[in-house]
Amino acid sequence: MCTSCGCSEGALPTLTDPETGETVAMGTARDHLHHDHAHAHAGHRGNAQQVHAAVHGTTVTLEADVLAKNNRLAERNRGWFEDRNILALNLVSSPGAGKTTLLERTLTDLASELRMSVVEGDQATARDAERIRATGARVVQINTGTGCHLEADMLARALRTLDPPMNSILMIENVGNLVCPALFDLGEHTKVAILSVTEGEDKPLKYPHMFHAAQVMILNKIDLLPHLRFDVAQCIENARKVNPDLHIFCLSAITGQGLTAWYDWLRKHVSGTKPDTTPP
Amino acid sequence: MHELGITRNIVAIVTEHAGDRRVKRVALEIGKLSAVMPDAVRFCFDVCSKDTPLEDAELEILETPGRGCCLECGAEIALDQPFGRCECGSARIECISGKELRIKEMEVY
């Protein structure tokens, strides 16, 4: 293990294609950039200017955006999606809100109608990818190791293996986490935040960055409402307080209640991502 | 704990600019609405800068307050969260500052 940052072989992100069973490491220069320069400073200071600088230091203006690299790669992904008329959705939630179950149901119900593929993100295992694959959809699994979110370069690498078809929907299931994924643009068209009624009504207030960054919120597991003290109206009010423009769906991925509105939204947006400019 | 990855980025960017010079000081600007905790960055900085030109460098963090502009009436308001409500009653607020996550400058020997 590296004592500088705690990273180790097992902690590097990996990409698994369940169809071939092949797993490849996604470690990039980004992960170990600091190692390359480990002893660059043990240098020589010969001339007077350097002696002066050695005492007082020289200030260098950088004005560098820390997330610039991720944002640049995300824009590249976004352009790639637009060229291929792919509606890319970044599904974010806390662990256990029902992202994978909602995906399984959506993929099964719309299989004959819409072309969809999936990128699964988890710290470990390809269990979710196996569940998705069982529906017949094409899927690849990213394992982030110790990472708590997907980044644009991981998605770019996954896209090379997945090769989603033109005029389709790409579902990106992010690592279950309501904090970090809000900061890392993947190049998606829409962030879809999923909240389940077994969590608190106040979650949008407690994790405002995520609900502010999302354009769609899905309130899942509403079939459980009779057994819970969960105030749907209060939850929606809290969500709108954080983001008045949120598009909200209340549904149950298990019973199917409320799914029609979600499916209509998908149908509408997959055809609306890029106007058809091809001549007749 | 995205601060660990973010601090690694900071160290990598500064290292790249520093070349073979040692870094004496790094100044960051972290907005109050950036979802990044300055204390966590400080904590990670000691670990991430070890064995790099930034080892033992002083870390300066300028925290920028959050400000928003009401999309209904145009008024500017202070924000301590990424959302808020204007005096006119509107919750449609565009954040105009406070999301910064930037390396301002470095001092090198």
Side-chain angles (χ1 to χ4, degrees), chain A residues 2-7 29-45 50-51 53-70 146-149 151 177 179-184 204-205 207-213 240-245, chain B residues 1-30 33-36 41 44 47-58 71 81-85 90-93 95 99-109:
Chain A
C2 162
T3 51
S4 294
C5 59
C7 64
R30 177 183 61 89
D31 300 303
H32 286 87
L33 194 48
H34 56 288
H35 296 185
D36 300 337
H37 298 264
H39 299 286
H41 56 268
H44 317 276
R45 300 188 193 100
Q50 280 171 322
V51 170
V55 179
H56 300 288
T58 306
T59 300
V60 181
T61 304
L62 294 178
E63 295 293 347
D65 183 350
V66 176
L67 296 177
K69 188 178 167 193
N70 184 73
T146 53
C148 48
H149 57 269
E151 294 190 16
N177 178 348
V179 185
C180 316
L183 265 76
F184 293 86
L205 300 175
Y207 298 91
H209 290 277
M210 185 59 86
F211 288 89
H212 188 73
R240 294 225 193 277
K241 209 179 272 181
V242 175
N243 185 347
D245 298 322
Chain B
M1 266 307 280
H2 48 285
E3 281 86 357
L4 178 61
I6 281 168
T7 310
R8 261 150 72 176
N9 275 0
I10 292 168
V11 170
I13 293 168
V14 174
T15 300
E16 208 175 303
H17 283 91
D20 59 357
R21 297 168 296 183
R22 268 196 77 186
V23 180
K24 186 182 178 194
R25 180 180 61 91
V26 177
L28 306 178
E29 182 179 12
I30 300 182
L33 308 179
S34 68
V36 172
V41 172
C44 296
V47 181
C48 296
S49 63
K50 201 173 177 302
D51 295 329
T52 78
L54 287 80
E55 189 167 351
D56 297 326
E58 182 193 339
L71 295 175
Q81 302 241 50
F83 65 96
R85 188 170 286 274
S90 167
R92 280 205 169 73
I93 311 290
C95 172
K99 289 200 168 171
E100 299 78 4
L101 186 55
R102 199 179 298 154
I103 306 165
K104 298 288 290 175
E105 58 184 35
M106 63 175 181
E107 200 177 327
V108 288
Y109 290 111

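Keep in mind that the numbers below use all heavy atoms, side chains included, and drop hydrogens, waters and symmetry copies. Here is how names work: the chains are called A, B, and so on, in the same order as the sequence lines, proteins then strands, and each is numbered from 1.
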To the nearest 0.5 angstrom, please state how far the [atom1] atom of [X] sits from the [atom2] atom of [Y].
X	Y	atom1	atom2	result
B:Leu28	B:Met106	CG	CE	12.5 Å
B:Asp20	B:Tyr109	CG	OH	15.0 Å
B:Asn9	B:Leu4	CG	CG	10.0 Å

A:His209, part contacting chain B, at a heavy-atom distance under 4.5 Å: both

Is A:Phe184 close to chain B through its backbone or its side chain, or both, or neither, when contacts mean heavy atoms under 4.5 Å? side chain

Below 4.5 Å, heavy-atom pairs only: which of B:Cys95, B:Ser90, B:Pro82 has the largest tally toward chain A? B:Pro82

Does the pair B:Arg22/B:Glu55 count as a salt bridge with the N-to-O cut at 4.0 Å? no

Are B:Lys24 and B:Glu58 close enough for a salt bridge, meaning some N to O gap below 4.0 Å? no

Scored by heavy-atom pairs under 4.5 Å with chain B, the best of A:Val242, A:Thr61, A:Asp65 is A:Val242

For chain B, the option from A:Leu67, A:Val179, A:Asp245 that forms the most heavy-atom pairs under 4.5 Å: A:Asp245

Portion of B:Thr7 that has a non-hydrogen atom of chain A nearer than 4.5 angstrom: neither

